[in-house]
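I have placed the structure first, in the form of structure tokens, so that the comments after it can refer back to it.
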2 protein chains.
Amino acid sequence: MAILAALSNPHRLRIIAALTSGGRNYVSQLSRELGISRPLLHLHLQKLAEAGLVTSQLELSHDGKALNFFEVTDFGFELTPSLIAEAAKSLTTNPDK
Amino acid sequence: MAILAALSNPHRLRIIAALTSGGRNYVSQLSRELGISRPLLHLHLQKLAEAGLVTSQLELSHDGKALNFFEVTDFGFELTPSLIAEAAKSLTTNPDK
DNA sequence: TTCATGTGTAAACAATAACTTACAGGTGTA
DNA sequence: TACACCTGTAAGTTATTGTTTACACATGAA
């Protein structure tokens with residue numbers, strides 16, 4: 001559910017695409033490549049991370065800057081009516097929001 | 001993309017679940033079973049139909065009422081980083097919204 | 001005719017999500 | 001010190017969704 005919500009946004013799809021094709025990257029660099037503001041990218045990365053679609057690890061560059069690298073987890077989900085029906089059961093009992 | 005957006009809503013997941021488990025159903029009846037108002041259900045069904053996840057066909061009941069039956073299409077999608085990366089290409093060239 | 005059923009949709013409002021701007025802090029180099 | 005990078009986040013605004021209420025119309029039965 002959180003995964004579907006995370007993927008229902010053009011920016012976030014492009015973020016995953018960029019990280020998939022170009023490999024891991026840090027926030028500021030990625031924001032330049034995608035042409036979206038850093039705070040906005042930060043927010044989207046946050047949602048993707050909450051959904052477990054990306055992970056981050058803070059690293060120190062050679063010149064001492066702290067860079068937060070993101071990369072996609074190699075997830076795999078299948079979307080079929082029956083699987084959705086199964087997943088939807090957790091909605092009635094567990095009011096997600 | 002429209003598919004992902006359509007699935008990123010609790011109501012719509014429950015609609016698919018209900019139609020998958022209980023088979024085809026018409027709007028008013030479904031709204032009673034799910035406990036959501038008919039206009040609201042109508043709107044959600046509309047979005048699901050636009051995404052191609054459900055189809056509808058108008059039928060006449062024995063007593064002459066026009067009933068609009070909905071059923072799920074047996075779709076199947078796989079969600080992986082590379083498939084998303086591929087799908088995201090159509091976003092840059094084709095501004096969906 | 002009136003009532004109960006079914007259909008659809010427009011309009012107004014409420015709740016979320018998206019986005020920008022602005023701030024606060026860190027390091028290394030000139 | 002001042003600048004150029006990097007990080008994060010809070011606040012305010014705009015845009016998008018979701019939701020309700022109310023309308024309009026059609027059919028069969030009482």
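Order of the sequence lines fixes the chain letters, A, B, ..., with proteins taken first and strands second; residue numbering starts at 1 for each chain. Source: prediction; values computed, not measured.
- One interatomic measurement links the two molecules: CD of Gln46(A) to P of dC19(C), which rounds to 14 Å at whole-angstrom precision.
- The phosphate of dT19(D) has neither OP1 nor OP2 within less than 4.0 Å of any side-chain N or O from Ser37(B).
- Leu40(A) places its CG atom 14 Å from the P atom of dG8(D), with the value rounded to the nearest Å.
- If you measure from atom CG of Leu58(A) to atom C1' of dC5(D), you get 15 Å, rounded to the nearest angstrom.
- If you take OG1 on Thr55(B) and CG on Leu48(B), they are separated by 11.0 Å, rounding to the nearest 0.5 Å.
- No side-chain heavy atom of Leu30(B) sits under 4.5 Å from any side-chain heavy atom of Phe70(B).
- In this structure, the CD atom of Gln57(A) is 17 Å from the C1' atom of dC6(D), given to the nearest Å.
- Contacts with DNA chain C (heavy atom under 4.0 Å) in residues 18-32 of chain A: none are found.
- For the OP1/OP2 pair of dT17(D) and a distance below 4.0 Å, the side-chain nitrogens and oxygens of His11(B) include no atom meeting the criterion.
- For Phe69(A) and dG8(D), the CZ to P distance is 12 Å, given to the nearest whole Å.
- Side-chain atoms of Leu7(B) and Leu7(A), non-hydrogen and from C-beta on, never get closer than 4.5 Å to each other.
- Of all nucleotides listed (dT9(D), dG8(C), dT9(C)), dG8(C) comes nearest to the side chain of Arg38(B).
- Residue Leu43(B) is classed as a base contact, given a heavy-atom separation below 4.0 Å to a base.
- Rounded to whole angstrom, the span from the CG atom of Leu60(B) across to the P atom of dT5(C) amounts to 19 Å.
- At a threshold of 4.5 Å between side-chain heavy atoms, the hydrophobic network of Ile, Leu, Val, Met, Phe, Trp and Tyr places Leu43(A) and Leu13(A) in two separate groups.
- Hydrophobic clustering (side-chain heavy atoms under 4.5 Å, transitive across Ile, Leu, Val, Met, Phe, Trp, Tyr) groups Leu53(A) together with Met1(B).
- For the pair His62(A) NE2 and dA4(D) C1', the computed distance is 13 Å after rounding to whole Å.
- Heavy atoms of Glu59(A) sit nowhere under 4.0 angstrom from any nucleic acid atom.
- Heavy-atom nearest nucleotides on DNA chain D were determined for Arg12(B) and for Asn68(A), and the one closer to the 5' end corresponds to Asn68(A).
- Residue His42(A) has no polar side-chain atom (N or O) positioned under 4.0 Å from OP1 or OP2 of dT7(D).
- Residues His11(A) and Leu40(A) have side chains in contact (heavy-atom distance under 4.5 Å, counting atoms from C-beta outward).
- Within the 4.0 angstrom heavy-atom criterion, only backbone atoms of the sugar-phosphate kind lie near Leu67(B); the bases stay farther away.
- Dashed line: the shortest gap from a side-chain N or O of Lys47(B) to OP1 or OP2 of dG18(D) is under 4.0 Å.
- One interatomic measurement links the two molecules: CD1 of Ile36(B) to C1' of dT20(D), which rounds to 13 Å at whole-angstrom precision.
- When atom types are taken as modelled, the side chain of Thr73(A) and the backbone of Gly52(A) share a donor-acceptor pair closer than 3.5 angstrom.
- Considering only side-chain N and O atoms, His44(A) lies under 4.0 angstrom from the phosphate OP1 or OP2 of dC19(C).
- DNA chain C is contacted by both Asp63(A) and Pro39(A); Pro39(A) maps to the nucleotide lying nearer its 5′ end (nearest heavy atom per residue).
- Within the structure, a side-chain polar atom (N or O) of Asn9(B) is placed less than 4.0 Å from OP1 or OP2 of dG18(D).
- A heavy-atom distance below 4.5 Å is found between the side chains of Leu4(A) and Leu4(B).
- Checking dA4(D), dG8(C), dT5(C) against the side-chain heavy atoms of Lys65(A) singles out dA4(D) as nearest.
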